[in-house]
Amino acid sequence: MLDIDQVIAEIDGAGTLEALEALRIQYLGKQGSISGLLKTLGGMSPEQRQIEGPKIQTLREGATTALAARKDALETAALDARLAAETIDLSLPAPASPRGSVHPISQVMDELAEVFADLGFAVATGPEIEDDWHNFTALNMPESHPARAMHDTFYFPDRNDAGREMLLRTHTSPVQIRSMIETAKANPGGAPLRIVAPGRVYRSDSDATHTPMFHQIEGLVIDKGIHLGHLKWTLEAFLKAFFERDDIVLRLRPSYFPFTEPSIEVDVGYSSTGGRRVVGGSGDAPGHAWMEVLGSGMVNRHVVTAGGFDPDEWQGFAFGIGVDRLAMLKYGMDDLRAFFDGDVRWLSHYGFSALDVPTLSGGVGTPV
Ligand code: DAH
């Protein structure tokens, strides 16, 4: 029979982890001597087993505990030795690893959603593959309406199951219709609605200031007693917050869109410094000019009806803004096409750190 004190002394004396492992195998491995003793228990008489069993068990437990303790001690000693021997030069530059950045359009979309959230607008979305009813007809542009032609639409060869022509949406305005229908369904009789719908839109158009895919953000408010004053205040509050300037001056010009009546185009005053346009001040001031930034108006009765609301009870305003143009203006980029070339050098120059998102917009603050 093995002597437990001798076994433990031997384990405690192991000088390296390798020597310790050899001892573990010698005693507790498959062919180990303690394992061998355990196997003899099966062949013993019950009386003998009662006497020998606890002894062998004590031996096994003693060896296991001693092995673990010695292993711990040897590992700690090894770590201490490494810590004492090795040094780290914290002044060495860290190896550079490539870091992605947030595309200016994504950044500006976030900023827009944030500013409009402050004004009580929820974000709504709709499909980029639309049917011509949502994209045109419901927006008061029936088939053969001349305004359809202005949109240079990408059509699909096949119609959908309802027999409607399918296309890449030419603007975010169909989300107006989808949101109204959804709201009217959930609340028969109607309910107030305040949404913005940012997203991609498509037109067959390509030059220095047009790309076949670009971005818009649509706004829609439906409520009772809504008038032009609400529209003007909202746009002013939005533009001031987005450009983070109090001196934004708007000019409202009469225009025409089939889905609004009256329709209004909104310009902002700006000046040019060092070839860069800076928004602010009246466009009529010396050295200033006006720049169109968005289309808007009071929602046409036909559109309110198409959305499932009673136009005698519910009114609203809507607006559509080119997001790419806003991004260029705010961050001083001058070539629209570079936005979508996917050139990593451009992105690392104009992109935003993911850690800063959101946001660079000032927010609307407390209206006074
Ligand atoms: N959908 C228009 C376009 O793409 C922009 C627009 C104008 C949207 C007036 C509106 C609006 O909601 O009221 O040219």
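The model shown is predicted, which means the values in this text are computed figures rather than measured ones. Both counts, for ligands and for their atoms, begin at 1 and track the order of listing.
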Can you pull out the closest protein heavy atom to [atom]? Residue, atom name and distance to 0.1 Å, please.
atom	value
atom 2 (C) of ligand 1	Phe259 CZ, 3.7 Å
atom 12 (O) of ligand 1	Glu218 OE2, 2.6 Å
atom 5 (C) of ligand 1	Gly320 CA, 4.1 Å

Heavy-atom distances under 4.0 Å are what count here, so tell me which part of [X] touches ligand 1: side chain, backbone, both or neither.
X	answer
Arg203	side chain
Ala318	both
Phe317	neither

Just jot down the ligand 1 atoms closer than 4.0 angstrom to any heavy atom of [X], in number order.
X	result
Ser173	1 (N), 8 (C)
Gln216	3 (C), 4 (O)
Phe257	7 (C), 9 (C)
Thr260	13 (O)
Gln176	12 (O)

Quiz item: cation-pi between Lys330 and Phe242, 6.0 Å / 45°: yes
Between [X] and [Y], does the ring centre distance come in under 6.0 Å?
X	Y	value
Phe340	His215	yes
His103	Trp346	yes
Phe319	Phe116	yes
Tyr270	Trp290	no

Aromatic plane relationship, Trp314 with Phe309 - under 30° parallel, 30 to 60° tilted, over 60° perpendicular: perpendicular
Aromatic ring pairing Phe257/Phe259, orientation class (parallel under 30°, perpendicular over 60°, tilted between): parallel
Test of proximity, Thr170 against ligand 1: N or O pairs below 3.5 Å: no
Asp341 (side chain) donor-acceptor with Asp343 (main chain) under 3.5 angstrom: no
Pro258, Gly295, Gly297: member with heavy atom nearest to atom 9 (C) of ligand 1: Gly295
Hydrophobic cluster identity match, Ile195 and Ile177, side-chain contacts under 4.5 Å: yes
